[in-house]
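Following: one structure in C-alpha cells, then a few remarks.
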Number of protein chains: 2
Amino acid sequence: MIKLTKTFAALADPTRLRMVERLMGEGELPAGDLVSDFEMSGPAISRHLKVLREAGLVSQRAVGTHRYYAVRPEAMRAISNWTMDHRAFWAESLDRLDSLLALDPEED
Amino acid sequence: MIKLTKTFAALADPTRLRMVERLMGEGELPAGDLVSDFEMSGPAISRHLKVLREAGLVSQRAVGTHRYYAVRPEAMRAISNWTMDHRAFWAESLDRLDSLLALDPEED
DNA sequence: CCGTTATTTAACATTTACGTTAAATAACGA
DNA sequence: TCGTTATTTAACGTAAATGTTAAATAACGG
C-alpha cells in the first residue's frame, strides 16, 4: 500500500521531482543517466533514488552493472486519486460554473 | 505562483495532511478546533498551520481573536494539474484499455 | 585474474524540521 | 482596567534530511 505522506515527502525535493519528471517523459533510465543531469555527486543521486524507491515512486531493474529506474504508475495514480477524492472541494466553483453554463442557465 | 515542491513538503507530514483533509471536508475552521483534533500542543499546531500557509495551501482569516483557516482550492488544483500533465504516462494502460473497449475493438 | 565502469554503502558535517514549555499579543467581557 | 481566552513567537533540544568524499560491490572485457 502506498503511504501518501511518503509519496509527498519523496516529491518535496526539487532534485527528486525533476528526476521523476524526466523518468515519466523518457521512460526507464539507468542511474548514471540521471547523475549527469544534476550538479551533484553520484552517491547523492543514488540516495535520492533510494528515497524514491522506498516511497514506492520508482522501480529498479538490474541489467549487468546498470540499474534502470522507472516511475511506478500506481504511485502517480495514488496522488491523482487523492486529489479526485477531494475534487468536490477544490473544483467546486468550476463545477458550478460548468453546471450553470452547460445545464442550468436559470439564475441571473 | 505555487511551488510544487513546497506544496508536497507541506503535505508530507501526517498531521498537516489530516488538517488539510479535515478543512476540505468541513470548510473553514479556527485554529483551536484543529488543536483539539491532535494530541499535540497548541504551538505545534500553530506552526503546522504556518507551514501550510507559507506553502500556499491554506488561507487565514482573522475574526476577533480567532484565526480561521481554509484550504485554498488553487493549491489542490495545482497538484491535480501536475498529475494531469503527466497523465499520458501513468494512465497509459488504462487509456489504452478504455480506447480498446470504447472505440477500437479490432485486435484479438 | 585485473583494471575499468556502474552504483551503492559508510562515515561525517551541516542544515532543517518538529515537538516542548514559557512568554508575548491581542481581543473579550465583566 | 483586568483577568481570561485564542493564538503566535521565542528559545531550546533532538531527530531527520542532504551533501561530500572514501571505500565496498559487482559485472565487464581483455
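Throughout, protein chains are lettered first and strands after them, A, B, ... in sequence-line order, and every chain is numbered starting at 1. All figures in this text were calculated on a predicted structure; none of them were measured in a lab.
Separating the CD atom of Glu54(B) from the C1' atom of dC18(C) is a distance of 14 Å, rounded to the nearest angstrom. Atoms CG (Leu52(A)) and C1' (dT18(D)) sit 14 Å apart, rounded to a whole Å.
Exactly one residue among Asp37(A), Val35(A), Leu29(A) makes a side-chain contact (heavy atoms from CB on, under 4.5 Å) with Asp33(A). That residue is Leu29(A).
There is no path of hydrophobic side-chain contacts, each under 4.5 Å, that joins Tyr68(B) to Leu49(B). Residues Val20(B) and Phe89(A) share a single hydrophobic cluster, defined by chaining ILVMFWY side chains whose heavy atoms lie under 4.5 Å apart. Under a hydrophobic clustering in which Ile, Leu, Val, Met, Phe, Trp and Tyr are joined whenever their side-chain heavy atoms come within less than 4.5 Å, directly or via other members, Val51(B) and Phe8(B) fall into different clusters.
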**Message:** Base contacts versus sugar-phosphate-only contacts with protein, heavy atoms under 4.0 Å: please encode nucleotides 3-14 of chain C as B, S and - from 5' to 3'.
**Reply:** ---SSBB-----
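Arg67(B) contributes no side-chain N or O that, together with a main-chain N or O of Ala31(B), makes up a donor-acceptor pair within less than 3.5 Å. Judged purely by atom type and a 3.5 angstrom limit, Trp90(B) uses its side chain to pair as donor or acceptor with the backbone of Thr83(B). Using a distance-only test at 3.5 Å, with no hydrogens or angles considered, no donor-acceptor pair links the side chain of Arg18(A) to the main chain of Phe38(A).
Contact check, His48(A) against dG19(D): a side-chain N or O comes under 4.0 Å of OP1 or OP2.
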**Request:** Determine, stepwise, if the pair Leu11(B) / Ile79(B) fulfils side-chain contact (heavy atoms from CB on, under 4.5 Å).
**Result:** CA-CA 11 Å; Leu11(B) 295 174; Ile79(B) 299 172; 3.6 Å; yes
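Helix bend of the helix from dC1(C)-dG30(D) to dA30(C)-dT1(D): the angle between its two end axes, each built from five pairs, comes to 20° after rounding to 10°.
For the segment residues 5-13 of chain A, the set of residues with a heavy atom within less than 4.0 Å of an atom of DNA chain C is empty.
The number of heavy-atom neighbours closer than 6.0 Å to CD of Glu26(B), taken from other residues, nucleotides and ligands shown, is above 12.
Heavy-atom distances to DNA chain D give each of Val63(A) and Met40(A) a nearest nucleotide, and the one nearer the 5′ end belongs to Met40(A).
Closest non-hydrogen pair, Ala10(A) versus Arg16(A), comes out as O-NE, 2.7 Å.
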